[in-house]
Amino acid sequence: MSINYIDELNDSQRAAVLYDNGPSLVIAGAGSGKTRVLTYKIAHLLEVGYEPWSILSLTFTNKAAREMRKRIEKQVGERARYLWMGTFHSIFSRILRTECEALGFPSSFTIYDTADSKSLLKSIIGEMQLDDKKYKVGAVQSRISNAKNHLILPADYGRDAETKQVDAANQMSAIGEIYSRYWQRCRQAGAMDFDDLLVYTYKLLFEHPAICKKYNERFRYILVDEYQDTNFVQHQIVQLLTKENNNICVVGDDAQSIYSFRGANIDNILKFKAIYKEARMFKLEQNYRSSQNIVGAANSLILKNREQIRKDVFSEKEEGELISLDAAYSDVEEGEIVANHIHRLHTREQESYADCAILYRTNAQSRIFEEAFRKRSIPYQIYGGLSFYSRKEIKDVIAYFRLAVNSADEEAFKRIINYPTRGIGKTTVDKITSAARTSQVSLWDTITNPQQYHLELGNAALKKLAAFQEMIMRFMADLEKEDAYTLAIRVLKESGIIKDMGKSDLPENLSKRENVEELVSAIHDFVETRQEEGDPHVGLVDFLSDVSLLTDQDTKVDDDVERITMMTIHAAKGLEFKNVFVVGLEQNLFPSQRCLDSFKALEEERRLFYVAITRAEQRCFLSYAKCRFKYGKTEFSNPSCFIADIDSRYIQPSAPAGFKRAETASRSFGSKKSATPLFEKSLPPRFKKVATTSRTTALPKGDVEQQSGIVVGQVIEHERFGLGDVLKVEGTDENRKATIAFRNVGTKQLLLKFARFKIIG
DNA sequence: CCGATACGCATTTTT
DNA sequence: TGCGTATCGG
């Protein structure tokens, strides 16, 4: 087996692949074959003598890791199995499981997900008797997470001047104390949250030179994908792991850094060469995905960003269609316009629905498109929303597993102590909690030795607790004996979950049962796969350590049916579609208004738009609405400033009839608005009701007649439906209605009393 | 312990 | 506006 580097790689890809002597930075423009380079590079390393287990490659998603492993398998076969390949979190949790005794953690430590960590923070805020209106759990959580990402531990937190200042400004000066307690409580519970997996890995390597050395010797070559999305602590860990061999290859695209709100630090990639002084830089600039027009448009857009590594992305594909730009009057009309486009593509161009994607800035925007598609029976699929593993029923079941594996797990305990209902109410739980706090032991220990920890409860309550405790003990006893699947079934039966869920046949209950069944079958699959791989005992412990790091992205969606994909732009990163619709291009939506005051944030939004456009292979459609229903109100806005950032020669100049008018109209409207920002809240004068029969001051009939005097053949411009031709006018006075054929929304009957429109001609 | 009702909040979310 | 959660009362 030999790799044909000449035929399968272009010059710059080949150079990046073959360079294996010291650190390198691969700047991979959108669609430039980044994964190809990574897989070939690993194949090359194997060919020149690296053992598979001495190569570590880190990704951000399980999906990316799986796909890469699959592709490498195709090239090098069996050996791919022994590569260290996975997400930062999964690889580090694996290391931590073997080494964490050095940190004072049990190897069976629990991983707290965001919900667990929120719940713990809530308890702490309550215990400290802080005002939970001032100390919002989410805000506190993100402050702590931010500190961890910057390796500021509780002991240093108060000392950090900037941190202190920010917290004081937000009237949350107790955050440091909350952080300390949270840190302590996680330790007591034998739990790490997602950030801890990184922080403790760093601590492990930094404070234990022998362990650091061991892993430096193990990993002789390290590759990191999506380097633009790494945060400070990830960057530090990578540095610790590479300090002996200095063999590192990072791949990324600064232009696609869109996760700074999660701590991603674009400087890691921008300043890579400052840290690894002798690093070689390779630029992959040929885009194999998109037409020349799309690449040109994206380039012209990103050129407006100041902070970036210059590159000349080019395409040798066909020139392709120009980018289409549609101005809609309202969010509803935008939905109709997009649906019309897709309908046209489907019937006239034989495009599959599966080749079309709607990309938006916020999840809330999906609804209008759903309605438009449903109306036309166009199949669609929405990505995002509640993930499988964060559903209540799934978390409840898993909490049983967690408590059996790690009895100190406080969040798991609280979740299931009275689920299914076993008569252990809030008062009892409060007593357990305070007894546990006083003695500094876990909730579990407290109910195991109630008298030792002064748990003052009635006999009935004690009896119920003992029964609960015995049940969990039975599961604990069999952790080693039984496989995950068998034990999971027993947990479901003996805990009474199955009985509880069988109680009602309400649709939501049915779906809960389905979900639990899906979980059980996932456990079954897990056990079988591991057994096939030669693992003699696959217990719940193993399942748990795997499942905590899974996300929605890992649950498969059946793609047998051809349907339109709808998702946020963030979710679309790394994907590609023949036809892409980027919608809601309005000021205050995209870019989001929270970004307008910060230069850095605005550039990130622009990168987000860049990511959106570069998902398209052949056609890219942009659209915006002049008004949009938001929080129960109609809000008006201007087209996104990003539209003007695209060189106009890439944009289809001749919009269909009506659009030009809309353009000019919105522009003149816009100039007014920017002069007086208050104005956007009120209804613009041109959309005053034509026929006003206000409740308080009813106009005389004659006036109504005159004002609502629209006649067949006229063209009107409606506030939400846009341009339309008057087909018919009937009825008198208050019941007067008109039938209007709107150009983009179809024919509608409007009661003139309520209709907001103006007569154009 | 559940249901009704009120209240507040409302980007993006790889792990 | 519309949802998810918090709280109170039966």
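Every chain is numbered from 1 and lettered A, B, ... according to where its sequence line falls, protein lines coming before strand lines. Keep in mind it's a predicted model, so treat the numbers as computed, not measured. Heavy-atom basis, side chains included; hydrogens, waters and symmetry copies ignored.
The OH atom of A:Y135 sits 20 Å away from the C1' atom of B:dG8 (whole-angstrom rounding). If you take NZ of A:K148 and C1' of B:dT15, they are 13 Å apart, rounded to a whole angstrom. Look at CZ on A:F609: it is 16 Å from C1' on B:dT12, rounded to the nearest Å. Put simply, CG on A:L550 is 8 Å from P on B:dT15, counting in whole angstrom units. Straight-line distance from the NE2 atom of A:H570 to the P atom of B:dT13: 7 Å, rounded to whole Å. The distance from atom CD of A:Q365 to atom C1' of B:dT11 is 10 Å, rounded to the nearest whole Å. To the nearest angstrom, P of B:dT15 lies 12 Å from CG of A:D546. The CG atom of A:N265 sits 20 Å away from the P atom of B:dT14 (whole-angstrom rounding).
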Open item on the list: Walk along nucleotides 2-10 of chain C from 5' to 3' and tag each nucleotide B, S or - by protein heavy-atom contact under 4.0 Å, base first, then sugar-phosphate.
Closed with: S---S----
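Residue contacts shown for A:K426 are absent, as no nucleic acid heavy atom lies under 4.0 Å away. Residue A:T421 is in sugar-phosphate contact alone, with no base atom involved, counting any heavy-atom pair closer than 4.0 Å across all strands shown. Across all strands, A:N418 comes closer than 4.0 Å only to sugar-phosphate atoms, never to a base (heavy-atom distances). A:D229 comes within 4.0 angstrom of a nucleotide base, judged by non-hydrogen atoms across all strands. Within the nucleic acid shown, A:F88 has no heavy atom closer than 4.0 Å to any nucleic acid atom. Among the atoms of the strands shown, only primed sugar atoms or phosphate atoms (P, OP1, OP2) are found under 4.0 Å from some heavy atom of A:T362.
A sub-4.0 Å separation between OP1 or OP2 of B:dT15 and a side-chain N or O of A:S90 is absent. The phosphate of B:dT15 (OP1 or OP2) has a side-chain N or O of A:N62 nearer than 4.0 angstrom. A close approach under 4.0 Å does not occur between any side-chain nitrogen or oxygen of A:N363 and OP1 or OP2 of B:dT11.
Considering only the side chain of A:F194, B:dT15 comes nearest among C:dT1, B:dT15, B:dT14. Residue A:Y259 has its side chain nearest to B:dT13 when only B:dC9, B:dT13, B:dT11 are considered.
For B:dT12 and C:dT5, the P atoms lie 16 Å apart once the distance is rounded to whole Å. When the P atom is used for both B:dT13 and C:dG2, the distance is 22 Å, rounded to whole Å.
A donor-acceptor pair under 3.5 Å links the side-chain atoms of A:Q308 to the main chain of A:I302, judged by distance alone.
Checked against a 6.0 Å centroid threshold, the rings of A:F261 and A:Y259 count as neighbours. Checked against the 6.0 Å centroid threshold, A:Y380 and A:F369 do not count as a close aromatic pair. Between A:F92 and A:W84, a ring centre-to-centre spacing not shorter than 6.0 Å is recorded.
On a pure distance criterion of 3.5 Å, no polar donor-acceptor pair joins the side chain of A:R262 and the base of B:dT12.
Between A:K133 and A:C595, the residue anchored nearer the 5' end of DNA chain B, judged by the nucleotide with its closest heavy atom, is A:K133.
Side chain to side chain, A:S117 and A:D193 fail the donor-acceptor criterion of an N or O pair below 3.5 Å.
Taking 90° from 0 as the syn/anti boundary, the base of B:dT12 is oriented anti.
A:D116 has a carboxylate O that lies under 4.0 Å from a charged side-chain N of A:R402, or vice versa, which qualifies the two as a salt bridge. Ion pairing of A:R262 with A:D229 is absent here, as no side-chain N (NZ or NE/NH1/NH2) approaches a carboxylate O to less than 4.0 Å.
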Without placing hydrogens or testing angles, list every side-chain donor-acceptor pair under 3.5 Å for residues 357-366 of chain A, not counting sequence neighbours.
from	atom 1	to	atom 2	distance (Å)
A:Y360	OH	A:M567	N	3.4
A:R361	NH1	A:E605	OE1	3.0
A:R361	NH1	A:E605	OE2	2.6
A:T362	OG1	A:Q365	OE1	3.0
A:Q365	OE1	A:R361	N	3.3
A:Q365	OE1	A:T362	N	2.9
A:S366	OG	A:N363	O	3.0

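Residue-environment remark: NZ (A:K392) exceeds the threshold of 12 foreign heavy atoms within 6.0 Å.
Stacking of A:F261 onto the six-membered ring of B:dT12 is present: less than 5.5 angstrom between centres, less than 30° between planes.
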